[in-house]
2 protein chains.
Amino acid sequence: MTDSPPGLDPAQIEAYFALMEAVGLLEHQVEQHLRADGGISYVQFQLLARLAAADGQLTMTQLADGVVYSRSGLTYQAGLLEKAGLITRGTSADDERATLVTITDAGLALFRKVLPGHVQVVRRQLLAPLSDQDLHDLGDIMTRVRDHMRNEPPRSAAPRKRRQR
Amino acid sequence: MTDSPPGLDPAQIEAYFALMEAVGLLEHQVEQHLRADGGISYVQFQLLARLAAADGQLTMTQLADGVVYSRSGLTYQAGLLEKAGLITRGTSADDERATLVTITDAGLALFRKVLPGHVQVVRRQLLAPLSDQDLHDLGDIMTRVRDHMRNEPPRSAAPRKRRQR
DNA sequence: TGCTTTTGCTTCGAACTCGAAGCAACTCAA
DNA sequence: TTGAGTTGCTTCGAGTTCGAAGCAAAAGCA
């Protein structure tokens, strides 16, 4: 490999730009639907989805896992969801610090109500123009990229844990 | 065709989730770098990039084109960029309503300063785990998806005249 | 010409996000 | 046991986003 080429070649730029813009548009569509159909945001939908899938209680940390958002943002959203009666929060018996989050019947009902429409949006906006081969390729590629990024150190903002070395 | 199947099959879910999470992570990395290296946000970087590429003046509307953000958000960001001396705004002679935006030397300099690092982040986070074939596939797929979504009507944001269920 | 509608942008208020700081509970080694 | 360090979550403040409403210029139309 050469030492840091000047820029990106056309194919790289195209892939990068198309990727970012397409996902931006998709997020926007999804957001619109969820807001109109269930009065919730994408973040809230994802939280409900996690709880519905977990089929039990999750701590705040587990709930945030995989989501980029900050802890404080999660606290805020959890507050909204609790106020809306979609989840309940309680202190864990095992660990007094931990907050256990449980989805309520109303939360589950709302999730089930908006899910079909959500799937429909994803189908129409993302899946529609893709062949089975495309779908396979996309899943394979993005899974690899995601796993790669999960393992990459932040480079700049180093975690303030203990010094190593 | 069948009437809206119950959900998504595993391959579809995998592709959808991996896509959304990977892009989320990438955006986060990019944001971190730009903030640390140039003191600007991703949005501001994109605006500067557009202006640098346009090599002249753009109206606010042209500047927002392709970016999902609202007009008011663009006004806000343009205000910040102008305050920072990276762009200038002036009224168009042709159309008194239009605001023409021009990138300053300082803006261009800043853009050029952060670009290499930005490219490096994209390389390391997104491009690194991809083969030439992957890159080609990804560009092809996402370009198709993006163009598809650009042409799709909003679907959901329609006037809510109809009763629900 | 007058009038309505459309277009381009801004202002305003509400909502959302993040990081830093703070608090309380837990862990672990001495 | 005890005290330093870590972990889980919340609070707070600053910054950013959006949509609705508003304003002025332009375009359509009678």
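A note on names: the letters A, B, ... follow the listed sequences, proteins ahead of strands, and every chain is numbered from 1. Worth knowing before you read on, the calculation uses all heavy atoms, side chains too, and leaves out hydrogens, waters and symmetry mates.
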### Message
Regarding dG8(C), can its base be found pairing with the side chain of Thr99(B) as donor and acceptor, where the two atoms are less than 3.5 Å apart?
### Response
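Side chain to base: no pair below 3.5 Å.
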Check your understanding: For the side chain of Ser70(B) and the base of dG19(D), is some donor closer than 3.5 Å to an acceptor across the two?
Key ->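 It does not, because no donor-acceptor pair links the side chain of Ser70(B) to the base of dG19(D) below 3.5 Å.
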Shortest non-hydrogen contact between Gln77(A) and Leu47(A), atoms and distance: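 Smallest interatomic distance, heavy atoms only, reads CB-CD1, 4.0 Å.
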Item to complete: Identify the two heavy atoms, one from Leu115(B) and one from Phe45(B), that lie closest to each other, and give their separation to 0.1 Å.
Response: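 Shortest heavy-atom contact: CD1-CZ, 4.0 Å.
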* Asked: Got a sec? Which of residues 79-93 of chain A come in under 4.0 Å of DNA chain C, heavy atoms?
  ->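 Within residues 79-93 of chain A, the residues near DNA chain C are Leu80(A).
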Rounded to whole angstrom units, what separation is found between the [atom1] atom of [X] and the [atom2] atom of [N]?
{"X": "Tyr42(A)", "N": "dC16(C)", "atom1": "OH", "atom2": "C1'", "result": "17 Å"}
{"X": "Leu100(B)", "N": "dG8(C)", "atom1": "CG", "atom2": "P", "result": "13 Å"}
{"X": "Phe45(A)", "N": "dC16(C)", "atom1": "CZ", "atom2": "P", "result": "17 Å"}
{"X": "Glu27(A)", "N": "dT17(D)", "atom1": "CD", "atom2": "P", "result": "14 Å"}
{"X": "Leu74(A)", "N": "dT17(C)", "atom1": "CG", "atom2": "C1'", "result": "12 Å"}
{"X": "Arg71(B)", "N": "dT16(D)", "atom1": "CZ", "atom2": "C1'", "result": "18 Å"}
{"X": "Asp94(B)", "N": "dT7(C)", "atom1": "CG", "atom2": "P", "result": "18 Å"}
{"X": "Leu58(B)", "N": "dG8(C)", "atom1": "CG", "atom2": "C1'", "result": "15 Å"}

Establish, yes or no, whether a centroid distance under 6.0 Å links the rings of Tyr16(B) and His118(A).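 Between Tyr16(B) and His118(A), the centre distance is under 6.0 Å.
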dT11(D) OP1/OP2 closer than 4.0 Å to side-chain N/O of Thr75(A):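 No, because none of the side-chain N or O atoms of Thr75(A) sits under 4.0 Å from OP1 or OP2 of dT11(D).
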Side-chain N or O of Thr61(B) closer than 4.0 Å to phosphate OP1/OP2 of dC9(C) =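 Answer yes for this pair, as a side-chain N or O of Thr61(B) is under 4.0 Å from OP1 or OP2.
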5'-most by nearest nucleotide on DNA chain D - Ala98(A) or Arg35(B)
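Of the two residues, Ala98(A) wins.
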What side-chain donor-acceptor pairs closer than 3.5 Å can you find for residues 21-28 of chain B, not counting sequence neighbours?
from     : atom 1 : to        : atom 2 : distance (Å)
Glu21(B) : OE1    : Arg150(A) : NH2    : 3.1
Glu21(B) : OE2    : Arg150(A) : NE     : 3.1
Glu21(B) : OE2    : Arg150(A) : NH2    : 3.0

Should the heavy atoms of other residues, nucleotides or ligands under 6.0 Å from CG of Asp105(B) be counted, would the total exceed 12?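 Counting neighbours around CG of Asp105(B), 12 or fewer heavy atoms of other residues, nucleotides or ligands fall under 6.0 Å, so no.
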Please determine whether the number of non-hydrogen atoms from other residues, nucleotides or ligands lying under 6.0 Å from atom CG of Asp9(A) exceeds 12.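 Yes, because the 6.0 Å sphere around CG of Asp9(A) holds more than 12 heavy atoms from other groups.
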Next on the checklist: I'd like to know if the side chain of His148(A) reaches the main chain of Leu127(B), judged simply by a donor and an acceptor atom lying under 3.5 Å from each other, with no hydrogens or angles considered.
Outcome noted: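 Here the side-chain-to-backbone pair does not exist.
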Quiz item: Checking all strands, does Thr59(B) fall into the base, sugar-phosphate, or nothing category for heavy-atom contacts under 4.0 angstrom?
Solution: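 The answer is sugar-phosphate, as Thr59(B) gets under 4.0 Å only of primed atoms, P, OP1 or OP2.
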(Q) Can you work out whether Arg97(B) or Tyr76(A) has the more 5'-proximal nearest nucleotide on DNA chain C? (A)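 The 5'-side residue here is Arg97(B).
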Counting heavy atoms from C-beta on, name the nucleotide in dT10(C), dT17(C), dG19(D) closest to the side chain of Gln77(A).
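Looking only at side-chain atoms, Gln77(A) lies closest to dT17(C).
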